Structure formats: C-alpha cells, structure tokens
Amino acid sequence: MTVPLDRSTTWPYEDGEPGAFTYARYSNPTMAEAERRLGELDGGEALLFASGMAASTAVVMTFLSPGQTVARAEGAYYGTGVMLDELERWDVRHIEFDQTGAPPADADLIWVEAPSNPFLTMPNFEACAAHPAPVVCDATAATPLSVRPLELGCDFVVHSATKFLAGHDDALVGVVVCKRAEDAARLLEFRSRTGPVASADTAWMLLRGLSTLEVRVARQTESAGAIAERLRAHPAVKTVRYPGFGGLLSFDVADADAARRVETATRLIVNMTSLGGVASRIEARARWEGARVPAGLLRLSVGLEDVDELWADLERALATIS
Ligand SMILES: *Cc1c(COP(=O)(O)O)cnc(C)c1O
C-alpha cells in the first residue's frame, strides 16, 4: 500500500550499465513516485525541488537569460519578488503588472499566482495565453483540485508543496509541473547539474499528504467559506478577501495595533506563518511585507478544526478590538 522509502544515494549498475536510478541528485524512486502523482494531478510532467523557492528559482534560471524580463503579478507571494531581486545581479529583470488584466507586451516570462497570496486575486488566464511569452502559474493556494493552470493555457505550474500538498507543516518541498516533455527534460538537466533536489524522506511525507489532499481541501474550503461569510458581517472587519475556494483568506482590521491584538488573542488558531496545514494559523503580513500590504491585513489559513470552534476563537479575538 505505502510506497517504500529508499534512502539510498547510489544504486548498483546492472551488467555494467546504469539502471533507472543511479545517483540521488538525479532522482530516487520515492521522489519519482511523488512526481508521477503530482504530474497526474496537474496534467503534465512534475519535478520535485528542495522547496517552493528552489522550484521557482530553477524555472527562472533554466528558461531565462541575462537581459530578459519577468512580468510578475503585483501583490503575489512576497518571496518570489525577493528571489527575483536576488537574480537581478545576473541581469534578470522583473516588472509588476495587475494580473486581472493583460501582461505587458515586452515580458519574456509571465508569472501569475492563482490565487495570489495574500490578496487572493485570480489571473486573467485568457490574456496570459494570448501573450507569446511562456506563462508560469504559482498555484500553491489553489492546489490542482481547484485550478489546473496547464489546461488554461499556462506552460508551467509551480507549487510550494510545503503548504496544502504535503499539508502537515513537516515537509519543505516544491514542485514544477511542465506542460511539454522537452521543458521537463531541460529542467531535469538543470536540477541534476545544480542539485536543489528533494530528499527521499521529504518525498515520502509528501506522498502521505497527497493521499488525504482531497478530503483536507474539501473541508478547508467549506470552513473557509463559512468563516469568510461571518467575517464579512463583523463590524471590526473592513475588507475580506476570499476567492470562493481553498483554505486561504485575508481580511483587514483598522490598523497594525488592531492586527497585533487579534493575532495574539486567538488560542485555537496559532499565531505563525505559512499556510495549508491541518492546524489553522493567522498572522499580520506587514511584519514581512511592510508597506506592500495594508498594516491591518491578517492572513488566515484555515485548517481542519471544527468550524464553530474556529469562529468562536476569532470572534473572541475580534472582541478585543471592537
Ligand atoms: C510558501 C510559498 C512559496 C514558497 O515556498 P517554500 O516551500 O516556502 O519555499 C511560493 N509561493 C507561494 C504562493 C507560497 O505560499
């Protein structure tokens, strides 16, 4: 039933010839099985990486050259922008655009997020597909159960599998799913040569997470929808952002002080970062993103706890600022 965990870093040749697995920097059987399942989920060829950011960095370094430009969705994952800042030293440039509209004409690679973290906007997939540049969609917050970007004209899907896919806050791992086999072959070559591969243990944890993905995301969607609705009716809450699917939402309270009071007053909902785990967590994003987000923006990732208990916890925390 369960996939064997093979921690080998090297495997014997067969009759003097390399077999399917030779050295763990290229691949290992546990990782290959996780890639097979992820490829099925998104409808492409999947490759695992040491983290979501390793996956994103590999896509940029494999498919772009110095002097080229990434057009990135504004308000999308903060870490992707920081990674692109880092790559500016190699003369890979980046600009931002509103992903609900058309990407800029001079982009060499388009980077959208479905839905964006923490603003929860969705890309205009049609406008992206009409652009000649390849399109990458970071679908971490959606998961393939809600959005399958390769079917909507994208060329690559990136997931931080650390989040919903692994789902238990105990595996740091990323994935790129390629639409075309030749892109997957080139990306595999880059990964093999530079080494940001996932370990067998991590792949095994991911496989275990994937076996419950559907029930987790269904429950998280149901609870997050109910909580978004109740937040919308709460007098201390200004804006609620929820795309109608998935376990991630964000909402604004008056200011930084109010946000701090709410995030430190919840008891069931943990005050910590990340998303997609079985335990609900909340945090003010301004601590990381500064003025890029409203000072009172709280990001909430809904876990598997009882929805009424979650709401009671939030209501009690919101009462401290009402
Ligand atoms: C967390 C996250 C990442 C980065 O993934 P890591 O596994 O932390 O490296 C990328 N994109 C989104 C949308 C994320 O939430």
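None of the values given here were measured: they were computed from a predicted structure. Order of appearance sets the numbers: ligands from 1, and atoms from 1 within every ligand.
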Throw together a table of side-chain donor-acceptor distances under 3.5 angstrom for residues 61-71, partners on residues two or more places apart or in other chains.
unit_1 : atom_1 : unit_2 : atom_2 : d
Thr62  : OG1    : Ala58  : O      : 2.6
Gln68  : OE1    : Ser65  : N      : 2.9

Using heavy atoms and a cut-off under 4.0 Å, could you grab the residues that are in contact with ligand 1, chain by chain, numbers ascending? Ser51, Gly52, Met53, Tyr77, Glu113, Asn117, Asp138, Thr140, Ser160, Thr162, Lys163, Leu172, Leu275
Any side-chain donor-acceptor pair under 3.5 Å between Asp6 and Trp11? yes
Salt-bridge present (Glu40, Arg37; N to O < 4.0 Å): no
Tell me every residue that passes side-chain hydrogen bond (donor to acceptor under 3.5 Å, both in side chains) with Ser274, counting only those two or more places apart in sequence or in another chain. none
So, taking the atom named OG1 in Thr239 and the one named CG in Leu297, what distance separates them when rounded to the nearest 0.5 Å? 8.5 Å
Return a table of donor-acceptor pairs under 3.5 angstrom between the side chains of residues 126-134 and protein atoms on other chains or two or more places apart.
unit_1 : atom_1 : unit_2 : atom_2 : d
His131 : ND1    : Ala133 : N      : 3.0
His131 : NE2    : Pro104 : O      : 2.8
His131 : NE2    : Ala105 : O      : 3.4

